[in-house]
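Here's the structure we're looking at; comments come further down.
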Amino acid sequence: RMVVNTASVHSAGTTCTNKVACGCAKTAATVTWNKYLQSSVWRIRDKLEGACMRRLVCVVSLLAVLCASTPAVAQTAIPASETAFIQKIQSAVALLYSQDENGNMRMRCTATIYERIPKGYRFVSAAHCVGSDRREKEWSADADEVPFFITFDESATKRFWPAEAVFVGYQSRGEDFAVFEVATTETWPIIPLGNEQQEVVPAPYWNVASPLGLGKQVFSGSITSLDLDRPVKQNDINWQHSLVLQQAGVNGGSSGSALVSRSQQAIIGFLVGSIGESTIVAIPVSRFKLALKAWGDKKYPWFHPKVVLQ
């Protein structure tokens, strides 16, 4: 587990191709403010510890009285229109799997449909779900060696659709996203791309993901900062100028899942990992759009798929 005062950096994907990124190694992020943060937390704790212990009995007694005399607060009901939209998000979210040489299927991350194309649909997930950057060549992760599949995780018979990784971002540039194409004649819902800059902090959003591969689950959270103005960089992790979130339930398998704005009803970011135990990080959708345009214009030099001879 990672704690705030070690400023550990953790990627939320289930595949440990990069031991630091996936949290397989307990390596602290080399950020300059870490020592100050750590010492500040300890100093505050030391100053308050004695006073808190002396007042512990009084506080517990007071809380007991308040709990006994305060009626329970009912949860705010979700409007019917928003409930329908949540169901649409669930239908547009799939689990990303890979298959090994023995035919075994392994859940990697979460993916979301964002575009209809002539042969089917495009899904977006995280680049670290594919693998690690080939930094010696300044190339993004190699997606040609592993077959990928998506499934909507149906409760009865689960179907797996072949998913081709057509674009993988260079994570060292902070472009931790990958695009998968799925050929189908079926009709599936689409969650469009929005604009995170239209959000006002704290900006509420919905997130549908499959932490630990335990099936699609619905989470709500809020963006607490639209710009992580700190050099959070380690190996091929680059989260500077990303979105900072507060959300419960994030774990391995959540990576690549979309943040869907409750006001725009559109994707505003993609969850990629956490700093410590409570601070979640997401790549803003505006960065995804810029990379998509560069890729479409054939001006993205970091992605090098193999050329298949016809």
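Please read all numbers here as calculations on a predicted model, not as lab measurements.
Salt bridge Arg287/Glu196: absent, no basic N to carboxylate O contact under 4.0 Å.
Judged purely by atom type and a 3.5 angstrom limit, Ser222 has no side-chain atom pairing as donor or acceptor with the backbone of Thr224. In this structure a side-chain-to-backbone donor-acceptor pair under 3.5 Å is missing from Ser254 to Ala209. When atom types are taken as modelled, the side chain of Asp133 and the backbone of Arg135 share no donor-acceptor pair closer than 3.5 angstrom.
Rounding to the nearest 0.5 angstrom, the gap separating the OG atom in Ser172 from the CG atom in Asn235 is 8.5 Å. Here the straight-line distance linking atom CD1 of Ile267 with atom CD1 of Ile190 works out to 10.0 Å at 0.5 Å rounding. Atom CD of residue Glu199 and atom CD of residue Gln264 lie 4.5 Å apart, to the nearest 0.5 angstrom. Within the model, atoms CD of Gln90 and OG1 of Thr112 stand 12.0 Å from one another, a figure rounded to the nearest 0.5 Å. Here the straight-line distance linking atom CG of Asp236 with atom CZ of Arg173 works out to 14.0 Å at 0.5 Å rounding. Taking CZ from Arg134 and OG from Ser140, the interatomic distance works out to 6.0 Å, rounded to the nearest 0.5 Å.
Annotation: side chain of Val232 is not in contact with side chain of Gln240 (no heavy-atom distance under 4.5 Å). Within the 4.5 Å cutoff, side-chain heavy atoms of Asp229 are placed close to those of His241. Lys216 has its side chain out of reach of Thr110: every pair of non-hydrogen atoms, C-beta onward, lies at least 4.5 Å apart. Looking at heavy atoms from C-beta onward, Tyr300 lies out of side-chain contact with Leu292 at the 4.5 angstrom threshold. Side chains of Leu271 and Ile280 form a contact here, defined as non-hydrogen atoms less than 4.5 Å apart. Considering only heavy atoms from C-beta on, Ile191 comes within 4.5 Å of Lys88 through its side chain. In this structure the side chain of Asp100 never reaches within 4.5 angstrom of the side chain of Arg106, judged on heavy atoms. The shortest distance between side-chain heavy atoms of Leu243 and Val281 does not fall below 4.5 Å.
Screening residues 180-224 for ring pair (Phe, Tyr, Trp, His ring centres under 6.0 Å), with sequence neighbours left out, gives Tyr121-Trp188, Phe148-Phe180, Phe152-Trp188, Trp161-Trp188.
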| task | Go through Asn207 and Gln247 one step at a time and tell me if the side chain to side chain contact (heavy atoms under 4.5 Å, CB included) criterion holds. | result | CA-CA 9 Å; Asn207 172 248; Gln247 176 187 322; 3.0 Å; yes
| said: Let's go through Ile275 and Trp239 carefully: what are the C-alpha distance in whole Å and the side-chain angles of both, what is the deciding distance for side chain to side chain contact (heavy atoms under 4.5 Å, CB included) to 0.1 Å, and is it a yes or a no? | reply: CA-CA 10 Å; Ile275 304 173; Trp239 291 345; 3.9 Å; yes
| query | Hey, mind stepping through Phe303 and Tyr170 against ring-ring contact (aromatic ring centres under 6.0 Å, His included) and telling me if it holds? | reply | CA-CA 7 Å; Phe303 178 54; Tyr170 191 50; over 10 Å; no
| task | Could you walk me through whether Leu95 and Ile150 pass side chain to side chain contact (heavy atoms under 4.5 Å, CB included), step by step? | result | CA-CA 5 Å; Leu95 278 57; Ile150 64 98; over 6 Å; no
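For the ring-ring contact (aromatic ring centres under 6.0 Å, His included) with Tyr114, the lone residue among Phe177, Phe123, Phe270, Phe288 that qualifies is Phe288. Partner of His304 under the ring-ring contact (aromatic ring centres under 6.0 Å, His included) criterion, out of Trp139, Trp295, Phe167: Trp139 alone.
Here the closest heavy-atom approach between residue Pro189 and residue Ala92 is recorded as O-CB, 3.6 Å. Annotation for Ala143 and Ala165: closest pair CB-CB, 3.5 Å, computed over non-hydrogen atoms. The shortest non-hydrogen separation linking Asp153 to Gly215 is OD2-CA, 3.3 Å. Between His128 and Ser255, the shortest heavy-atom contact is NE2-OG, 2.8 Å. The two residues Gly194 and Val285 make their nearest non-hydrogen contact at O-CG1, 3.4 Å. Taking all atoms of both residues into account, the shortest heavy-atom contact from Ile283 to Ser242 is CD1-OG, 3.7 Å.
Heavy-atom neighbours of Lys293 NZ from other residues, nucleotides or ligands within 6.0 Å: at or below the threshold of 12. Taking a 6.0 Å sphere around CD of Gln246, one finds it holds more than 12 heavy atoms contributed by other residues, nucleotides or ligands.
The cluster map of Ile, Leu, Val, Met, Phe, Trp and Tyr, joined by side-chain heavy atoms under 4.5 Å apart, puts Ile268 and Val201 in the same cluster. When the side chains of ILVMFWY residues are joined at heavy-atom separations under 4.5 Å, either directly or via intervening members, Leu290 and Leu226 end up in two distinct hydrophobic clusters.
With sequence neighbours left out, Lys119 forms a side-chain hydrogen bond (donor to acceptor under 3.5 Å, both in side chains) with Glu181. For Ala127, the side-chain contact (heavy atoms from CB on, under 4.5 Å) test picks out Val168, Gln171, Asp176, with sequence neighbours left out.
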